[in-house]
Structure formats: structure tokens, C-alpha cells
2 protein chains.
Amino acid sequence: MDTLSLGTLGQHLQALRLERGWSLSQLAAAAGIAKSNLSRLEQGNGNPTLDTIWRLAVQLGVPFGTLVAPISVPLGEHGVEVRLIDQGKESPQVDAYWMRCAPHTLRHAEPHTPGARESLTLISGRLEAGPESDLSELRPGDSLTFAADRPHLYRTHDAWATLLLTIVYTDEGDAP
Amino acid sequence: MDTLSLGTLGQHLQALRLERGWSLSQLAAAAGIAKSNLSRLEQGNGNPTLDTIWRLAVQLGVPFGTLVAPISVPLGEHGVEVRLIDQGKESPQVDAYWMRCAPHTLRHAEPHTPGARESLTLISGRLEAGPESDLSELRPGDSLTFAADRPHLYRTHDAWATLLLTIVYTDEGDAP
DNA sequence: ATAGAACGTTCGTTAAAAGGAACGGTTGAA
DNA sequence: TTCAACCGTTCCTTTTAACGAACGTTCTAT
């Protein structure tokens, strides 16, 4: 079972704050919480209230789950963070993921079920991806769709990459 | 500024619990929290701790943000639920949204900035969408990209529609 | 050098979230 | 009918998150 890491939240909190060049006092004031509270949270102690997390997420402009969900490399590979966004229950089945790859990461993906297709849309950074024999270079805003029933990969170079990924599994029952 | 709705969380909690056919006592015991606590939360009172939310999300098997982020119709239209997933900070800027439309909903969208493009990927249901003069019918797994600097719309008929939506804003500084 | 302002931390107080034991209501079996 | 088991709610108590003030530090300006 997955367990809550209080320390990670603190690290994320501090990282996001520093990215924006804000002081702890500034962020606390903007969010309307006591700076002692924020200080404790960044140190990894404590167990913030939903209201507190919410106020911080709003100020930092992050979609909330980002603060708390450093979840976490389902296949045990380093440098890749994947989050399930939604899962269609209809036919054909569609899985939607948010994915983030650290610089200089190479991730090999096993073939999915026959006929499966993947679509990527790059949100930020750079990414090289696709079937192993036919890679494409993506820039922010670019999309790519390819057959995912063959080995394929994702590779970053100097930059992080953040993207949306959808996997469409073939609709076995509908074939004419 | 966006504000926290404590009541909505309670409704979601209860809905998810009932979907699984669990009693309040069962869920509370499984999550390791007092049932008085869960009862109060479902009633929409109180301000749960991160630990509490976490335990419930794990038991319910939902990606966490799902519990807390039923956010909510930025343009005040009925039947449309939109959630910001991620926002690129680079050039060109990319916004990624998750969106859900109730049956028999028609949503008109104002033109975005010149050159902006939208991409949709349908996760479940049916959706008719695109520029007003050139609509397309999408089925689960289908993707559609179109120029978003003209009026466009999203329309559902008998079914719900769940989709990913990305908006790519033109990179003004890069034009040759 | 010195006063001032801002930083992040620490500590005692206060407000409130979580726990635990009752309660009335409903169901089902003896 | 009665008893037992479970439901969800409502108290009261305990725990603790959030607050506010004070603290030592660092940096800048006078």
C-alpha cells in the first residue's frame, strides 16, 4: 500500500517557492497562512489541513495534486514520474497519463496489446519519442501518435520533458 | 481567486463510497480513521488533514486530486467541468486541461489569441467539437486538432464526454 | 559601526480536527 | 417479540494544526 511522505511535500513546497523566487514570508502572507505554519511544513513536519494545502496550491499556481502526488515510477525506472489522470471505461479503452521525464533519461516501453496506439502531447521541455525505428523530436505543443504494439521509447536530452500521454487499446469486439 | 468547496468534497466522498457499495463504518475502518470523522466530512463540515484525505484516497483507489478537485466551470456554464492539469512555462505556452461535459451540453468557446491551436483527445463518451464551421464527431481514443483563434464549440448528445484538452498559444517571439 | 528591515526558526496559546463512546433507528434471525 | 448486529449521527475528550509574538541572523543603508 502506498503511504504518505510528509517530507516530500515539504521539499516540493520549497522547490516551487524558490523557483518563483519568493521568500517564505511572502508566500505565507499571500496565501493567508502563518509563516510558522509554512516553515514547519517545509521542514517536513506536520500534517497540513486541506484548506492550507489549497491556499498554497492556488498561490503557487499548481494543480493541487502536484504538491502531494510525487507518484512515482510505476515500473521502477529512474527519472520518470507518471500520474494517471483518467481512465475510460468504454470501448475502446483509453488511459490518460501525465508524465514527466528528467534530463538525460531513456525509457524503454514494452509493447502494449496488439493494435494499441499512443498519443503524446508535449507540454514543456524537449522529448524524443516513438517506435524505436522511427523516433520523432517534439517541442512544446507538438503531438505525436504512433502504434504502441511495438517497442517504443521516450528520451530526453538536456531538458526536462512534461507531457500528456494517452493509450488507446484496440476494440477487439468491434472488428467487422 | 478560486475558493475551496468543503461541501463538494463530501459529496464526492459519499458518491465514491456508495459506488463501491461500502458502508461508512467499513470505509472508516479500512482507512484507519474514526467513523465520526468520516461522517462529518461527508456532511460537508470540517477541513480534513492531508493524512485523512490520503488514507481515504488510497482506500477508494482514486488518484487523490479526484477527491478534491471538482473544479468547476471557469466560465460559469452548466454541465461542464474543467480541471487544469499542467501549464507549460516555456515558449510556446501550453495549457493542459481535463474536461467533462454532461449530456446535451453545448459549450461555445471564445477565440483564443491569434495562432492558438487546440488538441482534444476523447477518453470516454461522445463529443462533437471543432471550429463552428467544421465540426467533427469524436469517439473514445480519437484526437482532433484545430485552430482555436476562431469561435469553436463542444457539444454532447446523449452521452457524457470526458477528454483531454491542450491549448497551444502561438510563439510570438519566434516568427521569422 | 549602527540602525533598520527582512529572512527563517522557535515557542506558548488557541482553535479545531480526530478519536471514542454513547445514542436512536433499522434490519434480520432466534 | 425480543435480541443482537449494524447502520449513521451526535456528543465529549484528546490531540494537534494553525496562529501570533519573540528570537537570532544576515544584509543593506545611513
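In what follows, every chain begins at residue 1, and chains take the letters A, B, ... in the order their sequences are listed. The analysis underlying the following values was restricted to heavy atoms, covering all of them including side chains, and did not include hydrogens, waters or symmetry mates.
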Worksheet entry | Donor-acceptor contact present, side-chain Arg40(B) to main-chain Asn45(B), <3.5 Å | no
Worksheet, complete the sentence: Letter by letter from the 5' end, nucleotides 17-23 of chain C scores (B base, S sugar-phosphate only, - none; protein heavy atoms under 4.0 Å) SBBB---
Practice prompt. Sequence neighbours left out, what pairs pass salt bridge (charged side-chain N to carboxylate O under 4.0 Å, His left out) with at least one residue falling in residues 153-162 of chain B?
Written response: Glu128(B)-Arg155(B)
Discussion item. Once side chain to side chain donor-acceptor pair (under 3.5 Å) is applied, do any residues pair with Glu137(A), and if so which ones, sequence neighbours excluded?
Written reply: none
Worksheet entry | Helical bend (five base pairs per end, nearest 10°) for the helix from dA1(C)-dT30(D) to dG24(C)-dC7(D) | 30°
Discussion item. Taking side chain to side chain donor-acceptor pair (under 3.5 Å) as the definition, give me every residue that meets it alongside Asp95(B), ordered by chain and number, with sequence neighbours left out.
Written reply: Gln93(B)
Worksheet, complete the sentence: Smallest heavy-atom separation, Thr156(A) atom then Leu127(A) atom, equals CG2-CD1, 3.9 Å
Worksheet item: Is there a donor-acceptor pair under 3.5 Å between the side chain of Thr49(A) and the backbone N or O of Thr52(A)?
Response: no
Worksheet, complete the sentence: Across all chains, not counting sequence neighbours, the salt bridge (charged side-chain N to carboxylate O under 4.0 Å, His left out) partners of Arg17(B) are Glu42(B)
Worksheet item: With sequence neighbours left out, what residues match Tyr97(A) under ring pair (Phe, Tyr, Trp, His ring centres under 6.0 Å)?
Response: none
Discussion item. For a quick check under 3.5 Å, do Glu132(A) and His152(A) share a side-chain donor-acceptor pair by atom type?
Written reply: no
Worksheet, complete the sentence: So the salt bridge (charged side-chain N to carboxylate O under 4.0 Å, His left out) pairs with at least one residue in residues 21-33 of chain B (sequence neighbours excluded) are none
Fill in: DNA chain D: 5'-most and 3'-most nucleotides touching chain B, 4.0 angstrom heavy-atom criterion
dC7(D) to dT10(D)
Worksheet item: Does Ser143(B) have any side chain to side chain donor-acceptor pair (under 3.5 Å) partners at least two apart in sequence or in another chain, and if so, which?
Response: Thr121(B)
Worksheet item: Which of residues 19-30 of chain B have a heavy atom under 4.0 Å from DNA chain C?
Response: none
Practice prompt. Could you list the residues that satisfy side chain to side chain donor-acceptor pair (under 3.5 Å) with Thr145(B), not counting sequence neighbours?
Written response: Ser119(B)
